[in-house]
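Note sheet for the following structure.
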Amino acid sequence: MSFRELKPSVYYVGVVDWDRRLFDELIPLPDGTSYNAYLIKGKDKTALIDTVDPTKERELLANLRKLGVEKIDYVISNHAEQDHSGAIPTVLKAYPEAKVVTNPRCREMLMDLLLIPGDKFITVDEGDTLSLGDKTLEFIIAPWVHWPETMLTYLIEDKILFPCDFFGSHLATSDLYAVDEARVYEAAKRYYAEIMMPFRMMIQRHLEKLRFFEIEMIASSHGPLYNRPKFILDAYRDWVSDAVKNEVVIAYVSMHGSTRKMVDHLVDALIEKGVTVKPFNLTRTDIGELAISLVDAATIVIASPTVLTGPHPSALYATYLANALRPKLRFAALIGSYGWGSRMLEQIKGMLTGLKVELLEPVIVKGYPKEVDLKSLDTLANEILAKHKSLGIVER
Ligand code: FEO
């Protein structure tokens, strides 16, 4: 792909990564991704906003060449993570007069991570502006979206916000803009769940600050751009709000069918009570799907057999992730089975330190679940419904 014009003298020069299927060796990318970089040709100065993953730096340089860029004065670095900063050293080689413009914390990280010399930087702070002649960049310090050094860049004259990862989506598409909003919504929600959710409270504050900016376009650094920014701003306001939904996520694994029987029973009991249930078989599920479901859910149920006295490793992994992502869950429960002894409850409890959840009565069964055990699951379903009602989130 080549460059694309967003507004006169403002160009997309990023690269779509159609094939990438894993990020950080952790996060599934079912739809690929893109590394969006932008070039602004001012009357006097030219600025490049962010770069690309180093695996795609040749394509970035080719886009700049096709655009006829002979000189870059400023490389704006909104975020030090290498999928946006990793090509900065190559860009500095190709355009040796360029200075890297960023905040002091990001400068330090770029020096550490990419060994960029300290004298290559111009540092900026909250509200500082940088004139390109007829175009002006304003910098908004916005830590923890999703690293501590992150900032946003606002192009005043064109009312474009360049927020790097913030509002992004891992979605490879030939659409420059989010025209298929349903598809982009899912991809952006997955991105929020996996990357941004642990910083929900910080994001609430950043969203408030952005109310003071007139924004006609949001040009993030992954996925399609938003020329109807209300769409993604509204979605984020919903995701980061304190409100939870009448939803239960069941993260389960079963070895010989006992835990599976319990899950099936609980699913049916909850459905009968009008509670939305999202069961995830941890041996098959894309962990991103589990993360998405945690954005809104009021309750999580971990369901596991006992392996060597503790939970199955897949259940441990899911619990670890759920705790680390810090969703706004309000209740949690453990159900499962054992053959001769179990210390699952202590271990799972000890892993939920990042969540502000009330633990509901567990149902842990010896062997295959019997009638009395299924009744205990009915009681758990009733308790979940009652708890959800107490939050005022049950419609009927
Ligand atoms: Fe897209 Fe935090 O890097």
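All ligand and atom numbering here is 1-based and tracks the order in the structure.
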Original post:
Just one of Phe166, Trp144, Tyr192 clears the ring-ring contact (aromatic ring centres under 6.0 Å, His included) bar with Phe199, so which one?
Top reply: Trp144
**OP:** Please calculate the NE2(His79)-atom 2 (Fe) of ligand 1-OE1(Glu81) angle and round it to 10 degrees.
**Re:** 100°
**OP:** Kindly determine whether Thr136 and Glu157 satisfy side-chain hydrogen bond (donor to acceptor under 3.5 Å, both in side chains), including the steps that lead there.
**Re:** CA-CA 7 Å; Thr136 316; Glu157 290 78 6; 2.7 Å; yes
Report the name of the N/O/S atom of [X] located nearest to atom 1 (Fe) of ligand 1.
| X | value |
| --- | --- |
| Asp83 | OD2 |
| His222 | NE2 |
| Asp165 | OD1 |

**OP:** Classify the angle between the aromatic ring planes of Phe167 and Tyr236 as parallel (below 30°), tilted (30 to 60°) or perpendicular (above 60°).
**Re:** perpendicular
Subject >> Under 3.5 Å side-chain donor-acceptor pair for Asp31 and His170 >> reply: no
Original post:
Got an N, O or S from His84 under 2.8 Å of atom 2 (Fe) of ligand 1?
Top reply: no
Original post:
Would you say Cys164 has an N, O or S atom lying under 2.8 Å from atom 2 (Fe) of ligand 1?
Top reply: no
Original post:
Looking at the rings of Tyr177 and Tyr226, which for Trp means the six-membered one, are their centres under 6.0 Å apart?
Top reply: no
